[in-house]
2 protein chains.
Amino acid sequence: MTTLTTVSEPAPRTPKAEQTRATIVAAAMDLFRTRGFEGATMRGIADAAGVSLGSAYYYFSGKEHLIQAFYGQMQDDHLSAAREVLETETDFAARLRGVLTVWVEVAAPYHEFAGTFFKNAADPTSPLSPFSPESADARAASTAIFRDVVEGSDLKVASSLRPRLPELLWLLHMGMVLFWVHDRSPGQERTLALVSGAVPLVDKLGRLSRLPVVRGVVNDVVALLDYLDD
Amino acid sequence: MTTLTTVSEPAPRTPKAEQTRATIVAAAMDLFRTRGFEGATMRGIADAAGVSLGSAYYYFSGKEHLIQAFYGQMQDDHLSAAREVLETETDFAARLRGVLTVWVEVAAPYHEFAGTFFKNAADPTSPLSPFSPESADARAASTAIFRDVVEGSDLKVASSLRPRLPELLWLLHMGMVLFWVHDRSPGQERTLALVSGAVPLVDKLGRLSRLPVVRGVVNDVVALLDYLDD
DNA sequence: CGGGCGAGTTGAACGTGTTCAGAAAGTGTG
DNA sequence: CACACTTTCTGAACACGTTCAACTCGCCCG
């Protein structure tokens, strides 16, 4: 499977160049992990990768672009881990819980410095924002996972809601990420508790959505989503 | 009424010092508005304020801390505008809608460059994050508004939910802000549409929360919130 | 052969946020 | 007034992200 790069760098021509890129990324990830995003300097990264400062900028147009390699890596890891879950589980709640839990596990090694990355989430001018056009591919790949979560399950929800569910679950995921970023508990257990608590709620809400009394509100929600999509 | 500073700078001793602080803030706001956060340099701000670079750092420990003045200003404006609404309206939906709409109006002049500010929202290491301990005061002041929205209204919700409602509405507010930051429509009309659409939904959901079928889920939500609060 | 071309590489240089040792101005105290 | 002490102020200096003109190297074409 090809890498889910969010914003594509100029495609490397030679294997040699590809190799150099990988070396720089590895050095960057290493320094990010040990020194944090701010603490890792471009000069340090270039040194660690055995290239000059200018070369680092030849391959990556800036420090932020090095993050995208990180994003892509994490997304790939999550996708393959999620697949394993989705191959074995059929119950909706178990599928959703599995996919979310697995994200927390995949992201765990980066928890300490992830905050400095996800800062960009709220910056509409940054191409790194998960809502930006440049992140459309990554977003699509992510919602595809949740589409799979829904479609491969036995979940019964109001018919109007069903097509919107993947997006909504992606949004839930984003909320979880925000919580996770601020979660200082050991092993991010509070985030795991949030998942354990929230998933059954979503499950119940899904079932409730078919009740006549509730269906009205649900349809309103869907209508609002439709409107906001243009 | 005293200013709702989020993180307090060392309290100024003399009126002269207070004056200098105000001059710097004014210069900063001006340059932020015209050149954006990144485009405005500390040297430029110091020059515009007629002080040296070092002096700017004497009064404000860094560029980010200048943002807090901005936050405080906006919060004050919102609070007084919200009060006007809350004095005239008694219907819950109208009160909520008014408070949220008024925020959009108050924030409108800063919309263009607000994104660079709200970046900090997702950064757990920044004291500027609305979830940080340093922002506790500002957060409390903000939730107080929503407490007022609830308490001054005729809203009937499940009893377990009621004490949690202000926090939840504050969270809704944060969500609206995130949407607003990414909203490029003229006059932020999409955000206003979101408010117009979401408020009746919240209203309906509140009423539904008293139904026996729904109350179970609502209690689960509240229990989860209780747990996450420690 | 050579000469041109483009990919890859380099470090000096620029503008930035921030720090800091010390100067200047103010404020009491004898 | 003289002296100490604190508050206020200053710009040079530092490390950083980023840019760029110049360089090297391998390769193809005439």
Side-chain angles (χ1 to χ4, degrees), chain A residues 7 9-25 27-29 31-32 34-70 113 116-117 119-120 123 125-128, chain B residues 7 9-25 27-29 31-32 34-70 113 116-117 119-120 123 125-128:
Chain A
V7 177
E9 296 284 334
R13 325 274 171 192
T14 76
K16 170 90 171 0
E18 178 68 41
Q19 159 75 28
T20 309
R21 285 177 63 86
T23 311
I24 296 172
V25 169
M29 302 276 268
L31 285 175
F32 286 162
T34 56
R35 298 228 228 282
F37 183 66
E38 250 99 76
T41 72
M42 285 302 281
R43 286 168 179 81
I45 291 167
D47 278 0
V51 299
S52 74
L53 181 60
S55 267
Y57 276 93
Y58 178 77
Y59 285 100
F60 297 92
S61 59
K63 201 178 177 182
E64 288 207 328
H65 278 244
L66 279 166
I67 300 180
Q68 299 182 300
F70 163 81
F113 64 113
T116 39
F117 289 3
K119 282 213 306 194
N120 304 284
D123 181 6
T125 67
S126 167
L128 289 155
Chain B
V7 177
E9 295 285 335
R13 326 273 171 194
T14 76
K16 168 93 169 359
E18 179 69 41
Q19 159 75 29
T20 310
R21 286 176 62 85
T23 312
I24 297 172
V25 169
M29 303 275 268
L31 284 175
F32 285 162
T34 55
R35 297 230 230 280
F37 182 66
E38 250 98 75
T41 73
M42 286 301 282
R43 285 166 179 82
I45 292 167
D47 278 359
V51 299
S52 73
L53 180 60
S55 267
Y57 277 92
Y58 178 77
Y59 285 100
F60 297 91
S61 58
K63 199 179 179 183
E64 288 207 330
H65 279 242
L66 279 166
I67 299 179
Q68 298 182 299
F70 162 82
F113 65 113
T116 39
F117 288 3
K119 283 215 304 194
N120 304 283
D123 181 6
T125 67
S126 168
L128 289 154

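Computed over heavy atoms, backbone and side chain alike; hydrogens, waters and symmetry mates excluded. The sequence lines fix the lettering, A, B, ..., with proteins before strands; numbering per chain opens at 1. What you see is a predicted model, and the numbers here were worked out from it, not measured in a lab.
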Please state how far atom [atom1] in [X] lies from atom [atom2] in [N], giving the value in whole angstrom units.
| X | N | atom1 | atom2 | result |
| --- | --- | --- | --- | --- |
| B:Lys63 | C:dT16 | NZ | P | 9 Å |
| B:Tyr57 | C:dG17 | OH | P | 6 Å |
| A:Glu64 | D:dC16 | CD | C1' | 15 Å |
| B:Arg21 | D:dC9 | CZ | P | 12 Å |
| A:Glu38 | C:dT16 | CD | C1' | 14 Å |
| B:Met42 | D:dA15 | CE | P | 20 Å |
| B:Gln19 | D:dT8 | CD | C1' | 15 Å |
| A:His65 | D:dG17 | NE2 | P | 15 Å |

Need one value for B:Ala56: base, sugar-phosphate or nothing, where a base atom within 4.0 Å counts as base even if backbone is also close, heavy atoms only.
nothing

When you compare the side chain of [Y] with that of [X], does any pair of heavy atoms fall below 4.5 Å?
| X | Y | value |
| --- | --- | --- |
| B:Val51 | B:Tyr58 | no |
| B:Leu66 | B:Met29 | no |
| A:Gln68 | A:Phe60 | no |

Taking only side-chain nitrogens and oxygens of B:Tyr58, does any of them come within less than 4.0 Å of OP1 or OP2 of D:dC9?
no

Measure from the side-chain N and O atoms of A:Arg21 to the backbone N and O of A:Tyr59, and report whether any donor-acceptor pair falls under 3.5 Å.
yes

Tell me if a side-chain donor or acceptor on B:Thr23 pairs with a main-chain N or O of B:Gln19 at a distance below 3.5 Å.
yes

To check you understand the geometry: which heavy-atom pair defines the closest contact between [X] and [Y], and what is its length?
| X | Y | value |
| --- | --- | --- |
| B:Val25 | B:Ala69 | CG1-CB, 3.7 Å |
| A:Gly62 | A:Tyr57 | CA-CE2, 3.9 Å |
| A:Ala40 | A:Arg35 | N-CB, 4.0 Å |

Is there any protein nitrogen or oxygen under 3.5 Å from a nitrogen or oxygen in nucleotides 21-26 of chain C, and what are the pairs?
none

Interatomic distance, A:Glu18 atom CD to A:Thr20 atom OG1 [nearest 0.5 angstrom]:
9.0 Å

For A:Phe37, does the six-membered ring have the charged nitrogen or CZ of A:Lys63 within the cation-pi criterion, i.e. under 6.0 angstrom from the centroid and within 45° of the normal?
yes

Could you run down the sub-3.5 Å N/O contacts of the protein with nucleotides 23-26 of chain D?
none

Nucleic acid contacts of residues 43-55 of chain B, taken as heavy-atom distances under 4.0 Å to DNA chain C
B:Arg43, B:Leu53

Choose from D:dT8, C:dA7, D:dG17 the nucleotide whose nearest atom is closest to any side-chain atom of B:Tyr59.
D:dT8

Walk me through it: do A:Thr41 and A:Leu31 pass the test side chain to side chain contact (heavy atoms under 4.5 Å, CB included)?
CA-CA 8 Å; A:Thr41 72; A:Leu31 285 175; over 6 Å; no

